[in-house]
Novice: 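What follows is a structure written as structure tokens; I'll ask about it next.
Treat the numbers as computed from the prediction; the structure is a model and nothing was measured. Start at 1 with the first residue, then count along the sequence. Values reported hereafter were calculated over all heavy atoms of this structure, with side chains retained and with hydrogens, waters and symmetry mates removed. First listed ligand is number 1; within each ligand, the first listed atom is number 1.
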Amino acid sequence: MSLASQPNAAAGGDLPALHIAMVGHAFMGRAHGNAWRQANRFFDLPFRIVPAVVVGRHAQRAAEAAHKLGFLHATTDLDAVLADPSIHVVDVCTPNDSHHAITMAALKAKKHVVCEKPLAMTLAQAKEMAVLAKKQKVRVGLWHNYRRAPATMLAAKMIARGDLGAIRQVRASYLQDWLADGSVPASWRTNKKTCGSGAHGDLNAHLIDLTRALTGLEFDSVCGVQQTFTKERPDGAGGTAKVDVDDAFCFLAKFKGGAIGTYEATRVAPGRKNHNCIEISGEKGSIRWNLERMNELEVFSFADARDGQGFRTVMVMDGVHPYAANWWPDGHIVGYEHTFVHHVVDFVRALHDGSAFAPGFDDGVVVQAVLEAALASVKSGKWVKVAK
Ligand SMILES: NC(=O)c1ccc[n+]([C@@H]2O[C@H](COP(=O)([O-])OP(=O)(O)OC[C@H]3O[C@@H](n4cnc5c(N)ncnc54)[C@H](O)[C@@H]3O)[C@@H](O)[C@H]2O)c1
């Protein structure tokens, strides 16, 4: 046997294979494709992940993506992929309006599914997906990747340990500016039929999930306001297309137990690129995290000596911090793409040993319920209870 043909145990050559089919291959396809390929290289996993097939709508584009992202095959035939018993996991990274149909088909074919956020277009769809996943006894995950930055993991640990005491206030904002320019063309992200809502479903979905994950707080009721500043955009074919979703969406929240929160999502805040920022205040202290400085966690504690009190910045890339030891020596920071790798690592481990994985579709249902309640509140101009 030549050296080249020997199985490489260090690369997982002696492990059972886990074959991945990835549907969609643009922005999230690149992030997920990279994560499926990187996970075995940096983490000891119970499976050898095989990026098997990219599913797209155009054969040539899917083939190019498969080549670039390191998948073995490309196809436009999702049904054939779902009928293939060698495929174990279906990864859904297509626009929001297709999540339900693709996921339901994959679940019916008894595939494990990891789906992009928001889980669905409506609460009813999300519930249907969660119910079928349980019935089929397969594992599912939702790509709220910001749960898996080392610094947000540390924040969750500190809050669970009681470092902040009882949580009183949540301040969450996700600010971008790529739609501030009215000449940016319309896309599936500006059309209600394909995305459901604008900055709200896109960005507030992440804030809702992350603040729930960090604090354990559950929403009681919400009150929202939204605005569409640019009502028509170039359609890319010489005409214009109507924009029927929010550019900016803010809502107030009351949580069960008495805490309160503010949420703001916008794609028209000049200067803000990907400002995903969470500040949580408890009776004893506060934490603040901002994706744009994602390796840092700002921490304040009244327990610190009075004359030395103030927010301090913890560099969360020390060997003791979540995932850090699998990457680089202390202080050698990680980036956006690593959150997706961590998601893959935890999902694959959960798949193997049957342990819990979050966020799952039940979490997606809760996020959808909050999104929907806030939309209903904008319509009625009143506070709206979040559905159970
Ligand atoms: N987790 C995150 O941080 C994050 C970030 C961006 C987007 N997203 C979510 O990921 C999803 C995809 O967003 P994106 O930014 O990658 O979009 P995108 O427009 O960059 O890519 C969408 C891909 O899906 C393909 N596609 C569209 N309809 C399809 C269909 N019916 N069947 C097969 N392929 C189809 C397109 O050809 C393209 O490859 C959305 O739900 C979005 O909300 C999540």
Side-chain angles (χ1 to χ4, degrees), residues 21-35 53-66 68-69 71 74-82 90-106 113-121 125-126 129 141-149 152 174 176 178-179 184-210 213 236 245 265 267 273-276 291-292 294 335-344 347 359 363-364 367-368 371:
M22 189 173 78
V23 194
H25 49 76
F27 178 19
M28 279 306 102
R30 292 174 64 225
H32 296 196
N34 175 66
V53 58
V54 165
V55 186
R57 291 174 302 171
H58 304 98
Q60 179 65 23
R61 292 215 304 260
E64 283 166 12
K68 207 167 193 172
L69 299 172
F71 280 64
T75 182
T76 56
D77 191 346
L78 177 63
D79 292 342
V81 169
L82 298 183
V90 174
D91 180 4
V92 185
C93 31
T94 55
N96 307 354
D97 62 327
S98 56
H99 292 181
H100 178 261
I102 295 171
T103 298
M104 293 298 280
V113 177
V114 270
C115 183
E116 258 305 344
K117 48 54 62 176
L119 182 57
M121 296 286 278
Q125 280 187 348
M129 293 155 85
L142 186 60
W143 288 92
H144 280 299
N145 50 301
Y146 299 125
R147 285 191 185 210
R148 287 183 163 81
T152 57
Y174 201 147
Q176 300 180 340
W178 61 281
L179 281 180
V184 171
S187 68
W188 70 262
R189 293 175 184 278
T190 57
N191 181 348
K192 195 172 176 179
K193 266 201 193 112
T194 40
C195 64
S197 65
H200 188 47
D202 191 11
L203 308 178
N204 272 336
H206 273 309
L207 296 178
I208 294 162
D209 180 75
L210 185 55
V245 295
R267 305 194 284 204
K273 300 301 171 184
N274 206 24
H275 188 95
N276 174 1
L291 174 65
E292 289 176 338
M294 64 170 282
Y336 176 66
E337 70 273 27
H338 295 82
T339 61
F340 294 92
V341 180
H342 302 157
H343 191 286
V344 162
F347 183 75
D363 298 293
V367 172
Q368 209 79 41
L371 289 173

Novice: Under a 3.5 Å threshold, yes or no: a donor from one side chain and an acceptor from the other, between E292 and N274?
Specialist: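 Judged by distance alone, the side chains do not pair up.
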Novice: If you measure only the distance, is there a donor-acceptor pair under 3.5 Å linking the side chains of D97 and W188?
Specialist: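 On atom types as modelled, these side chains do not qualify, holding no pair under 3.5 Å.
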Novice: With sequence neighbours left out, write down each residue that passes salt bridge (charged side-chain N to carboxylate O under 4.0 Å, His left out) with R147, or none if nothing qualifies.
Specialist: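 Salt bridge (charged side-chain N to carboxylate O under 4.0 Å, His left out) list for R147, sorted by chain: D209, D363.
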Novice: In terms of ring plane angle, is the pair H343 and W143 parallel, tilted or perpendicular, where the classes change at 30° and 60°?
Specialist: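 Geometry flag for W143 against H343: parallel rings.
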Novice: Can you produce the list of protein nitrogen or oxygen atoms under 3.5 Å from a nitrogen or oxygen of ligand 1, alongside each distance?
Specialist:
from, atom 1, to, atom 2, distance (Å)
ligand 1, 1 (N), E116, OE1, 3.2
ligand 1, 1 (N), E116, OE2, 3.3
ligand 1, 1 (N), W143, O, 3.2
ligand 1, 1 (N), N145, OD1, 2.9
ligand 1, 3 (O), N145, OD1, 3.2
ligand 1, 3 (O), H206, NE2, 3.1
ligand 1, 15 (O), R189, NH2, 2.3
ligand 1, 16 (O), M28, N, 2.8
ligand 1, 19 (O), W188, NE1, 2.9
ligand 1, 20 (O), F27, N, 3.1
ligand 1, 37 (O), R57, NH2, 3.2
ligand 1, 39 (O), H25, N, 3.0
ligand 1, 39 (O), A26, N, 3.4
ligand 1, 41 (O), T94, O, 3.2
ligand 1, 41 (O), N96, OD1, 2.6
ligand 1, 41 (O), H99, NE2, 2.9
ligand 1, 41 (O), K117, O, 3.2
ligand 1, 43 (O), N96, OD1, 3.2
ligand 1, 43 (O), K117, O, 2.8
ligand 1, 43 (O), K117, NZ, 3.3

Novice: Restricting to side chain to side chain donor-acceptor pair (under 3.5 Å), what partner residues turn up for H200, sequence neighbours left out?
Specialist: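 Residues passing side chain to side chain donor-acceptor pair (under 3.5 Å) with H200: N204.
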Novice: Going by the rule salt bridge (charged side-chain N to carboxylate O under 4.0 Å, His left out), which residues pair with K192 if we only count those two or more places apart in sequence or in a different chain?
Specialist: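 With neighbours one apart ignored, the set is empty.
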